Amino acid sequence: MRRTVFNEDHEAFRETIRAFIEAEVVPVYDEWFAAGQAPRDFYYKLGELGIFGISVPEEFGGAGMDTHKFEAVLYEETARAGVQFGGSGVHVLLALPYLKMLATDEQKKRYLPKFVTGEEMWAIAMTEPGTGSDLAGMKTTAKLSEDGSHYVLNGAKTFITGGVHADKVIVCARTAAPTAEDRRHGISLFAVDTKSEGYSVGRKLDKLGLKTSDTAELAFVDVKVPVEDLLGEENKGFHYLGHNLASERWGIAFGAYAQAKAAVRFAKQYVQERTVFGKPVAHFQNTKFELAACQAEVDAAEAVADRATEALDAGELTPAEAASAKLFCTEVAHRVIDRCLQLHGGYGYMNEYPIARLYADNRVNRIYGGTSEIMKTIIAKDMGL
């Protein structure tokens, strides 16, 4: 069936991104992989390309396009090439929605121009050691100073994607104690400058996959955060966090579908070139059946991902629909990538082959943004169960 989600502008953008990846990323990607992160100056290149400003209002240096379809093209093209753009995904997919939703006009004037150029890279710090998905259990605190000019931030965060290179971090912290009726009460969001005294980056975490995405531990010891850097209203942070979950889960769903599609491409190319018993692996019936089954699953995931994209752009993607899309696409990607790796044989286990890296990169999709089990809980609740 013909896809209708993208138009000529999106396809022109695709050509630009594909050429950029071939010229600027593929030749050096092995170096990034070995280093465990993309170099900081790469983000300036993304800024120059206009990637960070697609949905930023024109008055702040962006293109002002209210759509996620260009992000969708990025997911497809990076997956197709078997690369990642470091930790930049968090900058746009996670941090930007909070800035657009919560920042005052004065804050936007300070934050967004440098956001667009890549001069200031953003991350978001929610998860803490020992709390995992239980955000209401966070211990990091932000106490207002006696003169009311700043908050004093103390605590620690972990699994912070983009945390090594970040210049600004949206930090979730407690400004009030939870109540007996609502343990989620009392959380606030702050835009924290990483150059602040008392702010420190701990270990750069050694992950199974997403090797070029810098992920870190953060610590705050009496960090002074000006009251002008409070995002939104005090104590309403948990509500804000829930507001953007649909777009976050859409991103994971679409990215997983794109990875599954890329896996079929890698496997098809490999089995056509690899010869065993005097024949290309593609000539064997099992190979044909396996890839055909994978293609059918990818087709279904594409339809789900595209439908979710249209709903998100229309402002109609519900939490349950986002959960359903994430659950389906990530589980499909898990099955498809595993089967495509199997078709590579022993070479599929070697990191020099993109299918091996894809296998490791994909695994976290069923964990972050809410585990598959949490997605099932959300869907079941929506069903009235």
Side-chain angles (χ1 to χ4, degrees), residues 13 16-54 56 61-62 70-71 73-96 111-125 157-170 192-196 199-218 251 255 258-259 262 351-354 356-358 360-362 364 368:
F13 179 70
T16 299
I17 291 301
R18 188 172 296 183
F20 174 81
I21 290 173
E22 288 299 319
E24 300 288 344
V25 182
V26 172
V28 293
Y29 196 71
D30 286 345
E31 297 174 19
W32 297 5
F33 190 86
Q37 62 187 35
R40 178 62 178 84
D41 62 3
F42 173 67
Y43 299 135
Y44 292 111
K45 294 180 180 179
L46 293 181
E48 291 173 3
L49 198 61
I51 287 176
F52 296 150
I54 292 171
V56 172
F70 292 98
E71 293 172 45
V73 171
L74 280 173
Y75 283 124
E76 290 187 332
E77 290 306 307
T78 51
R80 179 184 182 276
V83 300
Q84 298 277 339
F85 278 1
S88 64
V90 166
H91 184 68
V92 175
L93 182 64
L94 298 189
L96 183 57
Y111 300 152
L112 292 182
K114 293 181 179 180
F115 180 102
V116 170
T117 62
E119 184 177 347
E120 287 186 348
M121 293 300 296
W122 288 69
I124 184 165
K157 300 289 182 178
T158 192
F159 305 148
I160 309 307
T161 302
V164 175
H165 283 318
D167 302 287
K168 298 277 191 179
V169 178
I170 298 174
V192 179
D193 191 323
T194 62
K195 295 186 294 295
S196 301
Y199 180 103
S200 62
V201 178
R203 292 186 303 151
K204 179 166 72 69
L205 300 174
D206 184 16
K207 307 184 299 297
L208 171 67
L210 301 178
K211 289 291 189 179
T212 65
S213 175
D214 54 301
T215 303
E217 296 174 329
L218 306 179
Q259 289 176 325
N351 273 327
E352 64 186 277
Y353 282 79
R357 298 179 182 184
L358 195 59
D361 290 348
N362 173 261
V364 75
Y368 66 5

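Just the heavy atoms: all of them, side chains too, but no hydrogens, waters or symmetry mates, feed the values below. None of these values were measured; they are calculated from a predicted model.
For the pair Arg40 and Tyr44, the cation-pi test (distance below 6.0 Å, angle within 45°) is passed.
Using a distance-only test at 3.5 Å, with no hydrogens or angles considered, a donor-acceptor pair links the side chain of Asp214 to the main chain of His165. For the pair Lys45 (side chain) and Asp41 (backbone), a donor-acceptor distance under 3.5 Å is absent. Checking side-chain atoms of Arg357 against main-chain N and O of Asn351 turns up a donor-acceptor pair under 3.5 Å. With Asp167 contributing its side chain and Met121 its backbone, the two residues share a donor-acceptor pair below 3.5 Å. Side-chain N or O atoms of Asp193 include none that pairs as donor or acceptor with a backbone N or O of Lys168 at under 3.5 Å. A distance-only check finds a donor-acceptor pair linking the side chain of Tyr29 to the backbone of Gln84 [under 3.5 Å]. A donor-acceptor pair under 3.5 Å links the side-chain atoms of Thr194 to the main chain of Ala166, judged by distance alone.
The closest side-chain heavy-atom distance from Phe159 to Tyr368 is not below 4.5 Å. With a 4.5 Å cut-off on side-chain heavy atoms, Asp206 and Lys211 count as touching.
The structure places CZ of Phe33 at 11.5 Å from CD of Glu352, a figure rounded to the nearest 0.5 Å. Atoms CZ and CD1, from Phe20 and Ile51 in turn, are 6.0 Å apart once rounded to the nearest 0.5 Å. The OH atom of Tyr75 sits 13.5 Å away from atom CD1 of Ile17, with the distance rounded to the nearest 0.5 Å. Going from atom OG1 of Thr158 over to atom CG of Leu205 covers 5.0 Å, rounded to the nearest 0.5 Å. Here the CG-CD1 distance, from Leu96 to Ile54, works out to 10.5 Å after rounding to the nearest 0.5 Å. Atoms CG and OG1, on Leu49 and Thr16 in that order, are 7.0 Å from each other to the nearest 0.5 Å.
The side-chain hydrogen bond (donor to acceptor under 3.5 Å, both in side chains) check on Ser213 picks up nothing, with sequence neighbours excluded. Partners of Glu217 under the side-chain hydrogen bond (donor to acceptor under 3.5 Å, both in side chains) rule, at least two apart in sequence or in another chain, are Arg203. For Tyr199, there are no side-chain hydrogen bond (donor to acceptor under 3.5 Å, both in side chains) partners, not counting sequence neighbours.
In terms of heavy atoms, Ala125 sits closest to Leu218 at CB-CD1, 4.2 Å. In terms of heavy-atom proximity, Ala262 sits nearest to Ala79 at CB-O, 3.2 Å. Ile21 and Pro27 get closest at one heavy-atom pair: O-CD, 4.3 Å. Across Ile160 and Ala123, no two heavy atoms sit closer than the pair CG2-CB, 4.2 Å. Closest non-hydrogen pair, Leu358 versus Gln259, comes out as CD2-O, 3.3 Å. The shortest heavy-atom contact between Leu46 and Ser88 is CD1-OG, 3.7 Å.
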Side chain to side chain contact (heavy atoms under 4.5 Å, CB included) evaluation trace for Leu94 with Trp122: CA-CA 9 Å; Leu94 298 189; Trp122 288 69; over 6 Å; no
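The aromatic rings of His91 and Phe115 lie parallel to each other, their planes meeting at an angle below 30°, with 60° marking the opposite boundary. Ring geometry for Tyr43 versus Phe52: interplanar angle of 30 to 60°, hence tilted.
The local environment of CZ in Phe70 is crowded, with over 12 non-hydrogen atoms from other residues, nucleotides or ligands closer than 6.0 Å.
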